[in-house]
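As structure tokens, the structure follows; a few thoughts come after it.
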Amino acid sequence: SQQGEEDPQALSIQEGENATMNCSYKTSINNLQWYRQNSGRGLVHLILIRSNEREKHSGRLRVTLDTSKKSSSLLITASRAADTASYFCAGETSGSRLTFGEGTQLTVNP
Amino acid sequence: SQTIHQWPATLVQPVGSPLSLECTVEGTSNPNLYWYRQAAGRGLQLLFYSVGIGQISSEVPQNLSASRPQDRQFILSSKKLLLSDSGFYLCALRGPNYGYTFGSGTRLTVV
């Protein structure tokens with residue numbers, strides 16, 4: 001079963017703008033991870049936030065986690081055309097099982 | 001560094017034919033390994049995971065099975081493919097910092 005839902009399903013922005021994607025999950029997690037997938041390719045790990053963390057940064061990425069609301073957000077600042085891809089959140093539960101949301105398709109227009 | 005090799009990249013198989021997809025890893029020992037399937041435009045569905053040789057956990061009852069005959073080898077199989085088995089199959093391993101590394105995937109079309 002899927003871990004949760006992502007919002008929006010699709011997002012189209014201009015280069016230089018910020019992109020925010022949200023994720024909700026259903027069960028308790030040990031950590032929440034975000035992945036990127038270019039069309040027809042494998043997934044690339046972007047960032048991981050542990051359940052006892054509230055915010056984390058990595059380059060142009062900022063992720064937040066609210067365990068009381070079972071939600072997370074991914075912010076990509078100063079977006080580039082090369083950021084165009086699908087982005088997935090995934091929660092890792094006990095037993096090292098990683099379950100994914102449905103993803104957000106991000107399009108960054110030059 | 002850890003790497004995953006997954007092949008073939010694409011596969012077209014007739015209904016009722018067998019399937020064997022292989023995944024091998026390098027740069028690590030005794031990894032947790034996973035098989036996922038992705039339908040077009042959807043998220044990833046966890047099919048099987050393995051914490052060691054011969055240890056397989058199935059997440060979804062289906063027409064598929066998995067085996068781990070060696071520490072760094074994970075195989076996805078079917079005796080008779082169904083149309084509904086079509087999809088993008090991805091192998092993954094859990095890294096030391098809990099992030100997962102994915103293979104490049106196999107796009108399976110059952111005709």
Side-chain angles (χ1 to χ4, degrees), chain A residues 1-10 21-27 29-53 56 58 61 63 65 85-107, chain B residues 1-11 21 23 25 28 30-52 55-62 66 87-109:
Chain A
S1 61
Q2 299 303 114
Q3 175 60 259
E5 298 180 355
E6 289 173 79
D7 170 51
Q9 291 184 325
M21 290 162 268
N22 302 297
C23 164
S24 62
Y25 57 93
K26 299 174 181 175
T27 61
I29 57 172
N30 294 331
N31 62 70
L32 189 129
Q33 306 180 28
W34 285 88
Y35 289 80
R36 166 194 169 124
Q37 184 182 35
N38 287 78
S39 181
R41 307 291 296 274
L43 277 72
V44 175
H45 181 255
L46 295 176
I47 193 167
L48 177 152
I49 185 166
R50 300 177 193 278
S51 60
N52 61 354
E53 297 177 310
K56 202 164 183 180
S58 177
L61 304 179
V63 64
L65 180 64
S86 292
Y87 291 82
F88 295 91
C89 70
E92 187 175 57
T93 58
S94 59
S96 301
R97 293 169 60 251
L98 189 69
T99 53
F100 284 78
E102 291 293 324
T104 293
Q105 172 61 50
L106 173 66
T107 302
Chain B
S1 63
Q2 301 171 330
T3 56
I4 294 185
H5 302 280
Q6 193 179 341
W7 66 92
T10 60
L11 192 59
L21 299 181
C23 169
V25 304
T28 184
N30 196 32
N32 285 7
L33 296 175
Y34 305 80
W35 277 111
Y36 287 88
R37 178 170 61 198
Q38 184 179 32
R42 302 294 300 278
L44 276 69
Q45 180 185 35
L46 179 61
L47 301 177
F48 301 96
Y49 69 100
S50 172
V51 299
Q55 300 180 64
I56 308 295
S57 295
S58 174
E59 290 293 299
V60 182
Q62 59 205 326
F88 191 47
Y89 289 83
L90 290 151
C91 180
L93 70 87
R94 185 176 188 263
N97 295 319
Y98 312 126
Y100 287 51
T101 299
F102 283 81
S104 54
T106 295
R107 187 162 305 282
L108 172 66
T109 303

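Below, chains carry the letters A, B, ... as their sequence lines are ordered, and counting in each starts from 1.
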Contact winner vs chain A - B:Ser104, B:Ala9, B:Gly105, heavy-atom pairs under 4.5 Å: B:Ser104
Distance, nearest 0.5 Å, that separates CD1 of B:Ile56 from OH of B:Tyr49: 11.0 Å
Options A:Ser86, A:Gly40, A:Gly95, ranked by heavy-atom pairs under 4.5 Å with chain B, top entry: A:Gly40
Pair A:Arg97 + A:Glu92: basic N to acidic O under 4.0 Å: no
Which atoms of A:Gln9 approach chain B - backbone, side chain, both or neither, heavy atom under 4.5 Å: neither
Interatomic spacing from OG1 in B:Thr101 to CG in A:Leu43 - rounded to 0.5 Å: 11.0 Å
Chain A contact via B:Gln38 - side chain, backbone, both or neither, heavy atoms under 4.5 Å: side chain
Distance-only donor-acceptor check, side chains B:Tyr100 and B:Tyr34, under 3.5 Å: yes
